[in-house]
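If you scroll down you'll find the structure; I have some questions about it.
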Amino acid sequence: MFAPLIVYYFVMSCDQYQCALTGPVLDLYSGKTQLSDIWKKTPLITWEAVYIYAAWVSFQVFLYMLLPDICHKFLPGYVGGVQEGARTPAGIINKYQINGLQAWIVTHILWFANAYYFHWFSPTIIIDNWIPLLWCANILGYSVSTFAMIKAYWFPTNVKDCKFTGNVIYDYMMGIEFNPRIGKWFDFKLFFNGRPGIVAWALINLSYAAKQQELYGQVTNSMILVNILQAIYVVDFFWNEAWYLKTIDICHDHFGWYLGWGDCVWLPYLYTLQGLYLVYNPVQLSTTAAVGVLLLGLIGYYIFRMTNHQKDLFRRTNGNCAIWGKKPKYIECSYTSADGKRHYSKLMISGFWGVARHFNYTGDLMGSLSYCLTCGFDHLLPYFYIIYMGILLVHRCIRDEHRCSSKYGKDWKLYTDTVPYRLLPGVF
């Protein structure tokens, strides 16, 4: 109920109060303004925003559905094209068309070609229509979430992978269908998790940088850091999109409002708060501070990527590999899928996975903190991201471990006894 209001409040605070989160509350409390006054100052949806958003989503659908991946044919180490996902609770293994990196490259080539050559639209087009686009994103988010629920009742992709709890509100929020699809290839989860929100992430930051240049005649080093560090994260996501098929979002979460609206609204509007803040409050970091923030972000990224790489390598080779120069140790375990079949798996306890059970999240949090530190310490708003990610990832740890405990039973208990800490060795 409150998530849409949180997004609106943050964006409105920047638009009307220079990103001061206490500004609206203090003005309302003191009687300087009324809720109706704040709403009157809020830009409404415009036809221009509708055209922009419709064109954007349609273009991403086109790239997703009609442009089979060719990047895997000439980029060493990149895994694209048709790939298999993890086994669903009903025992089904879906196939996916992995072409996110290609979509990201094509989109950004066109963006820069427009900015420096064609001049079809201003590079500031996104931030210039930021709040009208918010209403468009909400319409899509709620529409796709509602459609997914109706689809689950009337024409589900796979009945065995549907989960009806009897609580309509919960089913709407968390989803009923595990992998809703239209046709053979349009997978709701894969499309909305990666496109249009994450492809847009770097473009949104570029639009912020262009606005800073327009307003102040320069782009600050803090804005450059935000663009670089978050672009690394985005490109990494698409480079490893095939690996993403094995993560909690695809492997465990059903598709409902949590993912549908979250990917359309929450992700592009709240994950980019640092860049938005720097448009209204430009910060020029000292060289020492800039280098420190950059190193924190890069070290965090290294831990995040290498931890995930070790797990992926271990899975692909069935443990016949070297982790930190040694053959990895593991705990053998078994589980039963919904179709009654017995399956066997291995839980690695070497490398970063011997340090903590979710050390990839530790690296992710270090990167998240680096984004926030680019903004200095004058306002709380830019730090929402690290606060939110901390809550999200700790909660995800607990959710994931609850599933694993139910799935593996006593084998999971043996694993947690061997690797006792979740995120920080000796602390948590």
Side-chain angles (χ1 to χ4, degrees), residues 3 57 60-65 68-69 79-104 137 140-165 170-201 234 236-268 271 308 312 337-338 392 395-396 399-400 403:
V57 175
Q60 292 307 312
V61 171
F62 167 77
L63 294 177
Y64 177 66
M65 291 294 294
D69 184 73
V79 179
V82 179
Q83 300 293 326
E84 290 186 345
R87 190 182 303 275
T88 71
I92 297 167
I93 297 178
N94 291 307
K95 291 187 176 181
Y96 297 84
Q97 176 62 253
I98 300 299
N99 61 358
L101 181 65
Q102 178 175 272
W104 189 89
L140 178 62
Y142 278 99
S143 297
V144 73
S145 304
T146 304
F147 175 78
M149 187 170 189
I150 295 171
K151 180 181 180 301
Y153 279 97
W154 292 98
F155 49 101
T157 303
N158 190 290
V159 177
K160 293 181 179 178
D161 272 326
C162 289
K163 182 179 70 175
F164 297 91
T165 66
Y170 183 88
D171 286 349
Y172 181 77
M173 179 179 177
M174 299 306 295
I176 297 171
E177 276 201 87
F178 195 72
N179 285 106
R181 289 188 169 199
I182 294 178
K184 183 179 180 180
W185 293 113
F186 190 85
D187 186 271
F188 279 60
K189 261 199 215 173
L190 186 62
F191 178 79
F192 284 101
N193 273 342
R195 283 74 63 84
I198 297 184
V199 173
W201 191 341
V234 170
D236 176 87
F237 173 86
F238 287 117
W239 182 272
N240 296 284
E241 191 175 18
W243 160 83
Y244 182 69
L245 299 178
K246 306 295 194 299
T247 62
I248 190 171
D249 288 345
I250 299 294
C251 292
H252 300 292
D253 289 340
H254 290 243
F255 187 87
W257 181 88
Y258 174 76
L259 290 178
W261 180 87
D263 291 326
C264 290
V265 181
W266 187 270
L267 188 154
Y271 285 22
N308 287 322
D312 184 55
S337 58
L392 173 76
H395 179 249
R396 183 166 285 191
R399 277 202 305 155
D400 191 31
R403 288 193 184 96

Quick one: side chains of residues 253-262, donor-acceptor pairs under 3.5 Å with protein atoms, not counting sequence neighbours, listed by atom name and distance.
{"residue": "D253", "atom": "OD1", "partner": "R399", "partner atom": "NH1", "Å": "2.9"}
{"residue": "H254", "atom": "ND1", "partner": "I176", "partner atom": "O", "Å": "2.7"}
{"residue": "W261", "atom": "NE1", "partner": "N138", "partner atom": "OD1", "Å": "2.8"}

More than 12 heavy atoms of other groups within 6.0 Å of F147 CZ: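 More than 12 within 6.0 Å, yes.
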Which atom of E241 lies closest to which atom of G100, heavy atoms considered: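 Result for this residue pair: OE1-N, 2.8 Å.
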Short side-chain donor-acceptor distance under 3.5 Å, D312 and N308: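 Checked: N308/D312 side chains show no N/O donor-acceptor pair below 3.5 Å.
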Minimum heavy-atom distance Y64-W185, with the two atoms named: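 Heavy atoms of Y64 and W185 come nearest at OH-O, 3.1 Å.
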N/O donor-acceptor pair under 3.5 Å between Q97 side chain and M65 backbone: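 Pair absent, no side-chain N/O of Q97 close to backbone of M65.
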Residue pair C264 / A137: nearest heavy atoms and the distance that separates them: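 Shortest heavy-atom contact: O-CB, 3.5 Å.
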Minimal non-hydrogen separation, K160 against A90, with atom names: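 Minimum heavy-atom contact is CB-CB, 3.6 Å.
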Considering all heavy atoms, the nearest W104-V234 contact: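 It is NE1-CG1, 3.4 Å.
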Spatial distance of atom OH (Y244) from atom NZ (K189) [nearest 0.5 Å]: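 Reported value, rounded in 0.5 Å steps: 8.5 Å.
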Donor-acceptor under 3.5 Å (Q60 side chain, P196 main chain):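 Not a single qualifying donor-acceptor pair exists.
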Beyond-backbone contact of I250 with N193, side-chain heavy atoms, under 4.5 angstrom: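 They are in side-chain contact.
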Under 3.5 Å donor-acceptor, E177 side chain and T157 backbone: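 Side chain of E177 to backbone of T157: a pair is present.
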Nearest heavy atoms of I198 and F238, plus distance in Å: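 Result for this residue pair: CG2-CE1, 3.7 Å.
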Sub-4.5 Å side-chain heavy-atom contact between V265 and L140: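 No, too far: nothing below the 4.5 Å cut-off.
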Within-4.5 Å side-chain heavy-atom neighbours: L63 and V199: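 Side chain of L63 against side chain of V199, heavy atoms only: no contact under 4.5 Å found.
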Close side-chain approach of F178 and N94, heavy atoms under 4.5 Å: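 They are not in contact (no side-chain heavy atoms under 4.5 Å apart), so the answer is no.
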Main-chain N/O of D187 paired with N179 side-chain donor or acceptor, under 3.5 Å: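 The answer is no, because no donor-acceptor pair under 3.5 Å joins these two groups.
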Centroid separation F186 to F188 less than 6.0 Å: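 Judged by ring-centre distance (under 6.0 Å), F186 and F188 do meet the cut-off.
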N240 side chain to D236 backbone, donor-acceptor under 3.5 Å: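 Checked: pair present.
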side-chain contact (heavy atoms from CB on, under 4.5 Å) against W239, all qualifying residues, sequence neighbours excluded: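 For W239, the residues satisfying side-chain contact (heavy atoms from CB on, under 4.5 Å) (neighbours in sequence not counted) are L75, Y78, L101.
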